[in-house]
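One structure is given below, encoded as structure tokens.
Because the structure is predicted, anything quoted here is derived from the model rather than measured. For the numbers below, each heavy atom of this structure counts, side chains included, while hydrogens, waters and symmetry mates do not.
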Amino acid sequence: MADKIFEIQTVCCQELEKCDCLQALQDLRVRYLGKSGELTALLKSIKDLAQEERPAFGNKVNELRKLLETLFANKTTALKCSEMQRKLQQEKVDISLTTMQPRGALHPVTLVEKTICDLLIAMGFEVLSGPEVETDYYNFQALNIPADHPARDMQDTFYIAEGILLRTQTSCMQARHMEKKQPPIKMICPGKVYRSDSDASHSPVFHQIEGLVVDENITLCDLKGTLQYLASHLFGEDTQVRFRPSYFPFTEPSVEVDLTCSNCHGKGCSLCKGTGWIEVLGAGMVNPVVLENCGIDSTKYTGYAFGLGVERIAMIKYGIPDIRLFYENDVRFLKQFGK
Ligand code: PHE
């Protein structure tokens with residue numbers, strides 16, 4: 001019988017050693033210490049022993065039971081511990097990874113648009129936006145460009161339906177706003193415009209900022225002062241502004257505005273083709289015909305308007321040779337700006 005006790009102890013210890021999960025441990029426990037387990041059976045066999053041998057045998061079996069209880073408890077703790085360790089390893093989250101994400105930056109067109117708008121907001125301009133799908137009336141007729149007017153050829157238009165088009169200029173917002181509001185008016189309108197044109201300096205969609213000021217006694221000097229302020233802040237203190245006579249149906253007189261070349265400061269270089277000047281925008285005094293079209297008394301009020309191309313300003317500012325670079329979304333290009 002003593003052999004039997006020793007055998008159970010040895011085999012149970014071996015099996016405990018091999019046991020590698022809590023479920024298997026539980027099964028093993030039932031097999032040895034359960035109600036119909038090995039130890040109970042051993043205890044029952046006590047009746048086969050002689051009377052005097054029984055107490056010693058009973059003690060030995062109880063000792064074995066105690067020993068096994070302790071071994072099972074220890075094993076349970078060990079298995080729970082390694083299970084927890086395995087879980088921690090599996091569910092590990094490396095929070096340091098997030099710091100490796102590259103940071104985005106504003107697109108150069110957005111950046112320049114925002115800079116210009118902020119400068120004009122500081123001067124008291126309000127910011128408006130209008131529809132990109134526009135009527136022929138606001139894009140052309142209200143701006144003194146009747147059907148068959150040759151000036152329509154200056155802007156190759158995408159037509160959507162009879163009388164409906166993608167706006168070719170933000171100037172339509174001049175008409176929309178003046179129709180609604182009497183002077184004083186001081187507004188800018190940034191937004192996308194569309195023209196059927198595509199090469200290194202033209203894109204079928206690009207961005208303009210329109211400016212409009214209407215009040216009593218507004219003159220060309222006010223226009224020049226505003227543009228001089230913009231130019232100095234965008235390209236540096238010493239930048240000069242020059243007006244050249246031009247033609248737009250909705251301004252009279254009209255001017256083409258040049259700035260001294262920011263690259264050579266007026267000395268002449270390849271960027272300004274040796275002239276020292278770079279053309280940046282169109283502007284002029286609002287044509288009285290346009291004021292009257294929109295219900296504003298042209299004997300009392302005068303105004304100026306300007307329209308600039310955001311990509312063009314960005315190209316000059318950053319020395320970008322091809323407008324198409326703005327729309328290719330090449331990260332190597334984009335990440336050079338907005339730092
Ligand atoms: N709308 C003109 C263009 O797109 C620019 C402009 C705006 C000219 C306002 C004069 C006054 O070319």
Side-chain angles (χ1 to χ4, degrees), residues 105-117 129-136 138-141 143 145 147-174 188-211 234 244 246-250 254 256-259 261-263 270-273 275 277-283 305-338:
L106 289 181
H107 190 279
V109 170
T110 310
L111 200 66
V112 170
E113 182 183 278
K114 194 173 157 0
T115 307
I116 296 171
C117 285
S129 63
E132 290 169 24
V133 177
E134 189 50 283
T135 61
D136 185 281
Y138 288 113
N139 199 84
F140 292 127
Q141 290 172 52
L143 297 172
I145 317 175
D148 305 327
H149 193 286
R152 290 201 180 202
D153 297 341
M154 286 161 69
Q155 302 174 0
D156 294 311
T157 312
F158 288 114
Y159 282 94
I160 292 199
E162 183 69 28
I164 308 286
L165 46 81
L166 292 179
R167 68 178 177 193
T168 60
Q169 49 186 355
T170 42
S171 301
C172 30
M173 279 306 287
Q174 289 187 34
I188 49 173
C189 171
K192 290 194 185 77
V193 299
Y194 302 82
R195 293 182 196 180
S196 177
D197 206 352
S198 183
D199 58 36
S201 47
H202 297 88
S203 161
V205 53
F206 61 102
H207 298 74
Q208 282 191 336
I209 298 177
E210 192 78 8
L234 279 173
R244 267 183 301 112
S246 183
Y247 173 75
F248 298 102
F250 36 95
S254 301
E256 211 73 65
V257 181
D258 300 337
L259 304 183
C261 177
S262 57
N263 191 40
S270 61
L271 187 69
C272 57
K273 300 190 184 84
T275 63
W277 294 92
I278 291 188
E279 182 190 320
V280 287
L281 58 92
F306 62 86
L308 58 84
V310 181
E311 280 85 345
R312 175 145 182 81
I313 302 278
M315 285 167 85
I316 298 166
K317 190 167 169 62
Y318 297 120
I320 297 165
D322 192 318
I323 197 170
R324 288 166 290 206
L325 286 164
F326 288 120
Y327 316 112
E328 282 169 359
N329 284 333
D330 186 330
V331 179
R332 291 168 303 177
F333 171 75
L334 293 174
K335 73 177 177 191
Q336 299 175 64
F337 311 93

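Every residue two or more places apart in sequence or in another chain was checked for a side-chain hydrogen bond (donor to acceptor under 3.5 Å, both in side chains) with Asn329, and none qualifies. Applying the salt bridge (Lys or Arg N to Asp or Glu O under 4.0 Å) rule to Asp199 yields no partners; only residues at least two apart in sequence or on another chain are considered. The ring pair (Phe, Tyr, Trp, His ring centres under 6.0 Å) search around Phe306 returns none, not counting sequence neighbours. Here Asp197 pairs with nothing under the salt bridge (Lys or Arg N to Asp or Glu O under 4.0 Å) rule; sequence neighbours left out. Scored by the side chain to side chain contact (heavy atoms under 4.5 Å, CB included) test, Ile164 finds Val133, Thr135, Ile160, Ala161 as partners (sequence neighbours excluded). For the salt bridge (Lys or Arg N to Asp or Glu O under 4.0 Å) test, residues two or more places apart in sequence or in another chain that qualify with Arg244 are Asp258, Glu279. The salt bridge (Lys or Arg N to Asp or Glu O under 4.0 Å) check on Glu134 picks up Arg176, with sequence neighbours excluded. Under the rule for a ring pair (Phe, Tyr, Trp, His ring centres under 6.0 Å), Phe158 has no partner lying at least two apart in sequence or in another chain. Contacts of Ser203 classified as side-chain hydrogen bond (donor to acceptor under 3.5 Å, both in side chains), with partners at least two apart in sequence or in another chain: none. For Tyr327, the side-chain hydrogen bond (donor to acceptor under 3.5 Å, both in side chains) criterion is met by Glu311, not counting sequence neighbours. Judged as a side chain to side chain contact (heavy atoms under 4.5 Å, CB included), and not counting sequence neighbours, the contacts of Glu328 are Arg324, Leu325.
A side-chain donor-acceptor contact under 3.5 Å links Glu210 and Gln174.
For the pair Arg167 (side chain) and Lys192 (backbone), a donor-acceptor distance under 3.5 Å is present. In this structure a side-chain-to-backbone donor-acceptor pair under 3.5 Å is missing from Ser246 to Glu256. Listed for the Thr275 side chain is a donor-acceptor partner under 3.5 Å among the backbone atoms of Trp277.
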List the steps, then state whether side-chain contact (heavy atoms from CB on, under 4.5 Å) holds for Phe337 with Leu106.
-> CA-CA 7 Å; Phe337 311 93; Leu106 289 181; over 6 Å; no

Could you please spell out the steps behind the side-chain contact (heavy atoms from CB on, under 4.5 Å) verdict for Ile320 and Phe333?
-> CA-CA 10 Å; Ile320 297 165; Phe333 171 75; 3.8 Å; yes

Where do Val193 and Phe206 land on the side-chain contact (heavy atoms from CB on, under 4.5 Å) test, with the steps shown first?
-> CA-CA 6 Å; Val193 299; Phe206 61 102; 3.4 Å; yes

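Taking the six-membered ring where the residue is Trp, Tyr247 and His149 present parallel rings, their angle staying beneath 30° rather than reaching 60°.
Note on residues 107-117: pairs passing salt bridge (charged side-chain N to carboxylate O under 4.0 Å, His left out), not counting sequence neighbours, are Lys114-Asp118.
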